[in-house]
Amino acid sequence: MTQEHQGGSRRWSAARKGVWARLRLTSLRLRLVLVFALVALTAAVSASGIAYWLNREAVLTRTQDAVLRDFEQAMQTRAGALPEHPTQDELQHTAGQMANSSQRFTVLLVAENPEGRTVYGSSGGLNGFSLQDVPESLRTAVAEQQKITSTNKHPYRMYWQRIVEDDTPYLVAGARMIGGGPTGYMLKSLEPEAKDLNSLAWSLGIATGLALIGSALLAQAAATTVLKPVQRLGVAARRLGEGRLDTRLRVSGTDELADLSRTFNKAAEALEKRVADMAARDEASRRFVADMSHELRTPLTAITAVTEVLEEELEFEGGGIDPMIEPAVRLVVSETRRLNDLVENLMEVTRFDAGTARLVLDDVDVADQITACIDARAWLDAVDLDAERGIHARIDPRRLDVILANLIGNALKHGGSPVRVAVREEREEGAEDGGAVVIEVRDHGPGIPEEVLPHVFDRFYKASASRPRSEGSGLGLSIALENAHIHGGEITAVNDPEEGGAVFTLRLPRDATALTERDDADAPGGGGEGEGKKKNGDVPDGTRKSAGRGGGAEGNAG
């Protein structure tokens with residue numbers, strides 16, 4: 001895949017994620033659109049339903065009143081002119097005349113002929129409108145004689161009913177002549193009115209859909225107007241969280257969102273000032289430590305030279321030192337060494353804090369490097385090494401020596417013998433030179449108290465407050481961790497639940513070249529260590545080659 005295709009794929013993926021982010025159910029924009037749409041849908045459906053119902057009643061009532069009025073008039077004028085016992089021909093002729101009304105309904109007349117038989121006359125012919133088409137309830141109501149009262153002056157009344165036959169609505173009405181004569185029934189199709197009402201329903205449905213679409217567009221526009229400042233505020237907050245403290249929002253208007261933007265700008269300004277003040281104080285503190293360490297080097301060099309002479313006098317048989325002051329001389333020699341180690345550790349710490357520490361890489365055999373570290377400090381009798389030769393890594397040998405000296409020295413001083421150092425390699429699947437080198441330093445002591453474990457790599461931390469003047473400065477393990485980090489590695493400390501004792505695990509990448517190139521590209525200036533060259537006394541804690549002291553290594557857990 002070409003670079004252009006990859007770039008296009010990434011842009012498409014980012015655009016798709018952006019659209020999905022705007023449409024996800026937790027999106028405020030989507031919720032606003034849904035609320036607007038639901039409100040518009042409810043209002044449109046309610047208005048359409050009311051309009052349809054009112055129009056339906058008006059259309060049906062108007063048609064029904066006109067048909068019933070014409071039918072009643074035809075019954076009075078046409079059917080009333082018939083004799084009390086008409087013949088079938090007379091009924092048929094009269095029914096035809098009544099059906100010629102402007103309302104175009106079908107008529108059925110029922111009467112008894114002179115012979116006493118029931119005869120029928122229908123305007124629709126023999127196969128047209130029949131008595132079976134009239135509901136039983138309507139026939140019963142038409143034939144029932146009403147009681148004459150002051151409010152009801154007629155024994156018979158006209159009744160009507162709406163029915164549906166084969167999905168077609170009809171209006172059926174019936175009336176009986178007063179004083180004798182035929183009974184008439186009328187059938188009127190309401191299909192034209194039903195079609196008009198269906199057209200009205202479709203029109204109202206389309207109007208409801210348009211209202212819903214319009215409300216969604218309106219909600220989208222409103223959401224964009226309202227949420228755009230919120231989105232800008234979110235982008236500015238992310239930029240601020242990424243460390244760009246000069247981020248500010250453009251403020252316009254006097255509404256609540258403008259007040260929120262002003263508040264954000266004030267908070268960002270206060271945060272920028274606070275961080276700048278803290279950075280200045282931190283830089284001043286690091287500079288003070290660095291300057292103090294440099295200034296202490298000159299007198300320490302002279303004091304160290306004097307203590308070396310005193311130490312030689314102490315070791316000279318025949319003695320040149322008064323036995324009365326010998327303890328004081330030994331104390332001065334010990335404390336001078338301790339002070340010298342502290343100054344060197346402080347110098348190393350300031351390099352890490354200032355970001356000027358650099359790697360000087362070399363291809364080393366890890367087993368040979370560990371052996372050299374142990375041999376230089378005369379630890380061969382106290383350390384068991386389990387490491388096969390041939391495990392190579394491209395790392396900084398000097399910094400690896402610092403890490404090993406601190407971890408092994410810490411185990412010898414505060415753990416229990418024997419101290420075991422094991423090396424193994426972890427390879428990534430499908431990679432020839434990738435993976436990591438893992439070095440475990442295990443002792444057989446009482447282990448590290450659980451409350452101390454989270455702090456073993458803290459600077460100047462000592463587990464026992466009753467030993468403030470122990471040989472270590474509390475910086476050894478923190479320097480070891482920083483040296484691991486600069487390689488892109490890590491150090492962890494745990495207690496072995498089965499065998500007891502503490503286990504320190506160092507994990508380093510087999511090739512730190514990429515990390516070094518990245519650091520060099522990001523670095524503001526040259527390295528503060530003279531490219532890894534050791535100056536006089538410029539050796540971190542744990543690297544001094546002294547057979548009897550365990551390399552000066554100390555541990556925060558002690």
Side-chain angles (χ1 to χ4, degrees), residues 57 59-197:
E57 290 300 316
V59 169
L60 293 179
T61 300
R62 183 173 59 250
T63 302
Q64 175 180 294
D65 290 345
V67 171
L68 293 178
R69 185 169 53 250
D70 283 4
F71 176 65
E72 183 179 12
Q73 185 177 2
M75 285 291 293
Q76 292 175 355
T77 57
R78 300 292 184 179
L82 291 172
E84 183 177 358
H85 299 286
T87 64
Q88 183 173 1
D89 293 336
E90 291 175 333
L91 288 180
Q92 189 73 29
H93 178 71
T94 302
Q97 291 179 331
M98 294 175 64
N100 288 330
S101 170
S102 59
Q103 299 297 327
R104 311 300 298 175
F105 47 72
T106 303
V107 176
L108 173 66
L109 296 178
V110 181
E112 289 185 358
N113 61 7
E115 289 78 17
R117 291 187 293 106
T118 302
V119 294
Y120 303 92
S122 175
S123 60
L126 296 177
N127 297 325
F129 184 34
S130 64
L131 193 62
Q132 285 73 22
D133 296 328
V134 180
E136 180 69 26
S137 59
L138 181 63
R139 283 182 283 168
T140 302
V142 170
E144 184 178 359
Q145 183 175 0
Q146 303 291 327
K147 185 177 181 181
I148 303 297
T149 62
S150 59
T151 58
N152 183 27
K153 301 184 180 299
H154 304 288
Y156 299 102
R157 303 180 64 181
M158 185 173 65
Y159 293 91
W160 59 269
Q161 185 177 347
R162 295 174 191 164
I163 62 175
V164 178
E165 291 287 343
D166 298 329
D167 297 329
T168 302
Y170 292 94
L171 175 66
V172 182
R176 184 171 182 176
M177 294 298 301
I178 301 174
T183 300
Y185 296 99
M186 179 273 300
L187 180 68
K188 167 66 176 178
S189 173
L190 298 178
E191 186 175 4
E193 287 74 14
K195 291 181 178 179
D196 293 340
L197 291 176

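Position 1 is the first residue of the sequence, and the numbers go up from there. The basis for the numbers below is simple: all heavy atoms, side chains too, and nothing from hydrogens, waters or symmetry mates.
- Annotation: D167, atom CG; neighbour count of heavy atoms from other residues, nucleotides and ligands within 6.0 Å does not exceed 12.
- For E193 and T63, the side-chain atoms include at least one donor-acceptor pair closer than 3.5 Å.
- The distance from the CG atom of D70 to the CG atom of N100 is 12.0 Å, given to the nearest 0.5 Å.
- In this structure, L171 and W160 have side chains that are in contact, with non-hydrogen atoms separated by less than 4.5 Å.
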Start with the C-alpha distance between Q92 and Y120, add both sets of side-chain angles, then the distance that settles side chain to side chain contact (heavy atoms under 4.5 Å, CB included), and finish with yes or no.
CA-CA 7 Å; Q92 189 73 29; Y120 303 92; over 6 Å; no
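- Tested against M75, the residues L109, T94, V107 include a single side-chain contact (heavy atoms from CB on, under 4.5 Å) partner, L109.
- Annotation: Q73, atom CD; neighbour count of heavy atoms from other residues, nucleotides and ligands within 6.0 Å does not exceed 12.
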Going through the checks in order, is the side chain to side chain contact (heavy atoms under 4.5 Å, CB included) test met by M158 and L68?
CA-CA 9 Å; M158 185 173 65; L68 293 178; 4.1 Å; yes
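- Contact check for M98 versus S123: no side-chain heavy atoms found under the 4.5 Å cut-off.
- Taking 4.5 Å as the limit, every side-chain heavy atom of P182 sits out of range of all side-chain heavy atoms of V110.
- The two residues V119 and P86 make their nearest non-hydrogen contact at CG2-O, 4.0 Å.
- Rounding to the nearest 0.5 angstrom, the gap separating the OH atom in Y185 from the OG1 atom in T106 is 15.5 Å.
- With rounding to the nearest 0.5 Å, the separation of CG in L60 from CZ in R62 is 9.5 Å.
- In this structure the side chain of L187 never reaches within 4.5 angstrom of the side chain of F105, judged on heavy atoms.
- Between S137 and Q161 the shortest side-chain heavy-atom distance falls below 4.5 Å.
- The 12-atom threshold is exceeded at CZ of R162, counting heavy atoms of other residues, nucleotides or ligands nearer than 6.0 Å.
- Between the side chain of D166 and the backbone N or O of T168 there is no donor-acceptor pair closer than 3.5 Å.
- Distance check: L108 CG to F129 CZ gives 5.5 Å after rounding to the nearest 0.5 Å.
- Counting heavy atoms from C-beta on, the side chains of M177 and Q76 never come closer than 4.5 Å.
- Residues L190 and Q64 form no side-chain contact, since every pair of their non-hydrogen atoms from C-beta on lies 4.5 Å or further apart.
- The side-chain contact (heavy atoms from CB on, under 4.5 Å) test applied to E165 returns I163, Y170, not counting sequence neighbours.
- One distance of note links CD of Q88 with CZ of R117; it measures 8.5 Å at 0.5 Å rounding.
- For the side-chain contact (heavy atoms from CB on, under 4.5 Å) test, residues two or more places apart in sequence or in another chain that qualify with E57 are W53, T61.
- Minimum interatomic distance between T87 and P114 (heavy atoms only, all atoms of both residues): CG2-CD, 4.5 Å.
- Here E136 pairs with R139 in a salt bridge; the nearest charged N to carboxylate O distance falls below 4.0 Å.
- For the atom pair CG of L82 and CD of E90, the computed distance is 6.5 Å after rounding to the nearest 0.5 Å.
- V67 is listed as a side-chain neighbour of M186, based on a closest heavy-atom distance under 4.5 Å.
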